[in-house]
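Chain letters run A, B, ... following the sequence lines, proteins first, then strands; residues in each count from 1.
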2 protein chains.
Amino acid sequence: MNKIESIGSVVRYHRKKAGLTQKQLATLAGVGKTAVFDIEKGKKTVRLNTLTAILSILNIHLIVQSPLMDQYYHDEGSE
Amino acid sequence: MNKIESIGSVVRYHRKKAGLTQKQLATLAGVGKTAVFDIEKGKKTVRLNTLTAILSILNIHLIVQSPLMDQYYHDEGSE
DNA sequence: AATATTTTCCCTTTATAGCAGTAATATATA
DNA sequence: TATATATTACTGCTATAAAGGGAAAATATT
């Protein structure tokens, strides 16, 4: 149940486990090395696509949760 | 288990349920009306803090998931 | 220890997110 | 139907994210 606020340390942990340097991860994700550094450092003003590009390489997923999601599935499914 | 890709329609659904206009939601979240419009339209290059400001008002949470998360909790907890 | 590698933090440039206005279209309400 | 409200979609402007280069600081390796 990790929240998005801790995404920086999660990214770093996964990157280390994958045996990648920041530069390598950046290249794989198609972003600059600064982006990886900034995200691990906890920068919140990164762009969503930049973040998801990095998460995708590390097999990390962002899941949307809310009390209304069940209702959302029901309503959206029937349209 | 909604993925981040569908965040636009999720935001719109929740906003409607909350009885808010895009402008009202934008004001509550402290962002411009364009940001709400763009996100609902599916724009991916929004900034993370802009998105989370909006999600926070609607009580929507982004959860971080991965196969290594259990291990992450264990390792991080003991440090 | 020395050396190599990586990370952190500068810098400058470029691209664009986000803003407020405005107007047109669409939707809802009378 | 008319009319109010909301959404969409432009504008021009400002702030800043991201890239890449480089160098110091921190880590890792020999």
Can you find a side chain N or O atom of B/R12 that sits less than 4.0 Å from OP1 or OP2 on D/dT8?
-> yes
Could you please name the option among D/dT7, C/dT7, C/dC9 that lies closest to any side-chain atom of B/T21?
-> D/dT7
Whole angstrom is fine here: how far is it from CG in B/L25 over to P in D/dT8?
-> 13 Å
Here the distance between atom C1' of C/dC11 and atom CG of A/D38, to the nearest Å, is 14 Å
Rounded to the nearest 0.5 Å, how far does CD1 of A/I60 lie from CD1 of A/I7?
-> 5.5 Å
Give a yes or no on whether the backbone of B/V46 and the side-chain of B/T50 come within a donor-acceptor separation of less than 3.5 Å.
-> no
Reported NE2-to-OG1 distance for the pair A/H61 and A/T52, which is rounded to 0.5 angstrom = 11.0 Å
In Å and rounded to the nearest 0.5 Å, what is the NZ to CG distance from A/K44 to B/L51?
-> 13.5 Å
What's the CD-P distance between A/Q24 and C/dT7, to the nearest Å?
-> 9 Å
Would you confirm whether B/E76, through its side chain, and B/Y73, through its main-chain N or O, come within 3.5 Å as a donor-acceptor pair?
-> no
Scan residues 42-54 of chain B against DNA chain C and write down, sorted by residue number, each residue with any heavy atom closer than 4.0 Å; if none is found, say none.
-> B/K43, B/T45, B/V46, B/R47, B/T50
State the CG-OG distance between B/N49 and B/S56, to the nearest 0.5 angstrom.
-> 12.0 Å
Any side-chain hydrogen bond (donor to acceptor under 3.5 Å, both in side chains) pairs touching residues 1-16 of chain A, not counting sequence neighbours?
-> A/N2-A/S6, A/S9-B/Y72, A/R12-A/E40, A/Y13-B/D75, A/H14-B/S66, A/R15-A/E40
Take the protein atom NZ of A/K41 and the nucleotide atom P of C/dC9, then report the distance between them rounded to whole Å.
-> 5 Å
Only one of A/V10, A/I54, A/V31 forms a side chain to side chain contact (heavy atoms under 4.5 Å, CB included) with A/I39, so which one is it?
-> A/I54
To the nearest Å, give me how far apart CD (A/E40) and P (C/dT8) are.
-> 7 Å
Enter the distance from A/K43:NZ to B/R47:CZ here, rounded to the nearest 0.5 Å.
-> 9.0 Å
If the sugar-phosphate is the primed atoms plus P, OP1 and OP2 and the base is the rest, what is the B/S/- string for nucleotides 21-30 of chain D, using protein heavy atoms under 4.0 Å?
-> BB--------
So does B/R15 get a side-chain nitrogen or oxygen closer than 4.0 Å to the phosphate oxygens (OP1/OP2) of D/dT7?
-> yes
